[in-house]
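Everything numeric here is computed off the predicted structure, so don't read it as measured data. Along the sequence shown, the residues carry numbers beginning at 1.
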Amino acid sequence: MSEQSSQGRGDGGPEGAIGDTGKRRRHHGTARRIGLVAAWTTAAALLVAGSGLAYAYFTLQGSIDGVDIDQALGTERPKNLDDGSMDILVLGSDSRAGDNGAYGRDEGAARSDTAMVVHVHTGRTAASVVSIPRDTLVERPDCTRADGTEAPGAARAMFNTAYEAGGPACAVKTVETMSGIRMDHYLEVDFTGFTELVDALGGVEITTTEPLRDADSRLDLEPGTHTLDGEQSLALVRTRKGIGDGSDLGRIELQQAFVRAFVDQVRDVGVLGNPKRLLDLAGTAARAVTPDSGLDSVNELVGFARGLGDLGADDVSLVTLPVRYDPVDPNRVVPVEPGATEVWRALKQDRPIPGSALQDSAADRGQAAAVVAAGG
């Protein structure tokens, strides 16, 4: 599926429908009521299921390790728009620390191997997802690290060095600087967490049209339909050599195909309509995901998931930030103008991303879109 053909709609429903995780900060009454509905629904299911689950629920409340992005960034941020939409920066960390050591040697630092800006349109009827290639050269701003020390900015820095230099807050600040859009939330998933989330769903079904093999990522798939477990899914989204031109742009196309399959799987297994299963998945997320402080409880994660429950794969537009290969260093890419500006402007105005913004991009040369599709 091509990126341009998969654009979603931006014509959402009534304003303020996102809930207490959206941008409509002034309507606290409506947001609070929606949050309470999610909380009471979950609590009622727990009471029916028995005290054992209730104990597990309250145990999970303290198991989420969140990061306070708002405090770290202060007030020098883009304006918090009052339009009912929501923007989330989702990062995949390539850390090899702890359990992630199975995927490579721990070199003492992590970078954002995958970065997606998820824009949920007003009314929650559609979402636009913009992948930022990790090799994109950007003007990285000065950042304050979690320990209070300063991480100096840099010109022509690879995008994924922002996380390495200053942690989650620096990654958010870099995205906000390049896009002009304030991020409402932040979610980080590392290798181990990713595999656990996929396994908690019972796997994700994809279809391949040719053999996919990459010894580095441990990918080995024949043509056909597969239900991938966590390890196989990780191998798929990590591979570069196993697809197309071997570039990061090809890998992004694979990641986007996997996101579509993941969204379909969530709906097919009935997670959002089954409070017990939703709680189980929230428990996995509590261990697997590092969110910002606005999502650092089970109630908030469950409410967040329920808020996106009406979205299917056909409602999600997946594109890559328009880029071209850097003339100085062909191993790097730089944003294409005016396309990149048009993409960010569309999100800021809560509109669908126009196909014209993507026409001059090298991102459609990864040659992976026709190789992997969601489902059978």
Side-chain angles (χ1 to χ4, degrees), residues 63-67 88-116 118 129 131-135 146 158-165 167-168 170-172 186-204 206 212-221 226-243 246-248 250-263 265-266 280-292 295-296 301 368 372:
S63 66
I64 305 175
D65 185 16
V67 292
I88 311 110
L89 175 60
V90 179
L91 289 187
S93 167
D94 67 355
S95 170
R96 267 70 172 182
D99 292 341
N100 294 317
Y103 305 106
R105 183 167 57 91
D106 182 10
E107 298 179 350
R111 295 186 179 184
S112 50
D113 205 43
T114 302
M116 296 180 177
V118 180
V129 180
S131 295
I132 303 175
R134 68 175 194 172
D135 298 333
M158 283 175 55
F159 171 78
N160 72 339
T161 64
Y163 183 94
E164 179 185 29
C170 194
V172 171
Y186 168 85
L187 289 171
E188 177 186 330
V189 185
D190 64 17
F191 290 156
T192 302
F194 178 87
T195 63
E196 290 178 352
L197 282 171
V198 173
D199 287 338
L201 277 176
V204 174
I206 59 114
L212 296 178
R213 294 186 177 89
D214 182 352
D216 290 342
S217 74
R218 307 173 189 176
L219 178 67
D220 187 3
L221 294 176
H226 311 271
T227 299
L228 304 184
D229 63 17
E231 292 290 340
Q232 292 173 313
S233 298
L234 181 62
L236 178 70
V237 300
R238 289 182 65 205
T239 187
R240 293 178 66 161
K241 299 177 182 178
I243 191 71
S247 72
D248 191 47
R251 174 166 58 182
I252 286 174
E253 287 185 335
L254 282 180
Q255 292 170 350
Q256 291 172 343
F258 183 85
V259 167
R260 288 187 169 280
F262 188 92
V263 171
Q265 182 70 6
V266 169
D280 290 341
L281 188 61
T284 302
R287 298 183 297 273
V289 176
T290 301
D292 70 278
L295 296 174
D296 62 356
L301 282 175
V372 176

Strictly distance-based, threshold 3.5 Å: is any side-chain N or O of Asp292 a donor or acceptor partner for the main-chain N or O of Tyr186? yes
Evaluate the side-chain proximity of [Y] to [X]: yes if any heavy-atom separation is below 4.5 Å, no if none is.
X	Y	answer
Val67	Thr290	yes
Leu236	Leu254	yes
Arg251	Arg134	yes
Val289	Phe194	no
Leu219	Leu221	yes
Glu253	Val372	no
Pro133	Phe159	no

Which distance, rounded to the nearest 0.5 Å, do you find between the [atom1] of [X] and the [atom2] of [Y]?
X	Y	atom1	atom2	answer
Thr239	Asp220	OG1	CG	11.0 Å
Ser217	Glu231	OG	CD	11.0 Å
Asp199	Gln232	CG	CD	9.5 Å
Leu89	Leu91	CG	CG	4.0 Å

Using the side-chain contact (heavy atoms from CB on, under 4.5 Å) rule, take Met116 and Ile88 through it: C-alpha gap first, then chi angles, then the decisive distance, then the call. CA-CA 8 Å; Met116 296 180 177; Ile88 311 110; over 6 Å; no
Check the pair Ile206 / Leu228 against side-chain contact (heavy atoms from CB on, under 4.5 Å), numbers first and verdict last. CA-CA 7 Å; Ile206 59 114; Leu228 304 184; 3.7 Å; yes
For [X] against [Y], the heavy-atom pair lying closest together:
X	Y	result
Val204	Ala261	CG1-CB, 3.4 Å
Ala171	Ala162	CA-CB, 4.1 Å
Gly202	Thr227	O-CG2, 3.9 Å

Please check if any side-chain donor atom of Gln255 sits under 3.5 Å from a side-chain acceptor atom of Ser131, or the reverse. no
Within 45° cone and under 6.0 Å: Arg238 NZ/CZ vs Phe191 ring: yes
Stepwise side-chain contact (heavy atoms from CB on, under 4.5 Å) check, Asp229 with Val198: CA-CA 6 Å; Asp229 63 17; Val198 173; 5.7 Å; no
Hey, mind stepping through Leu197 and Thr195 against side-chain contact (heavy atoms from CB on, under 4.5 Å) and telling me if it holds? CA-CA 6 Å; Leu197 282 171; Thr195 63; over 6 Å; no
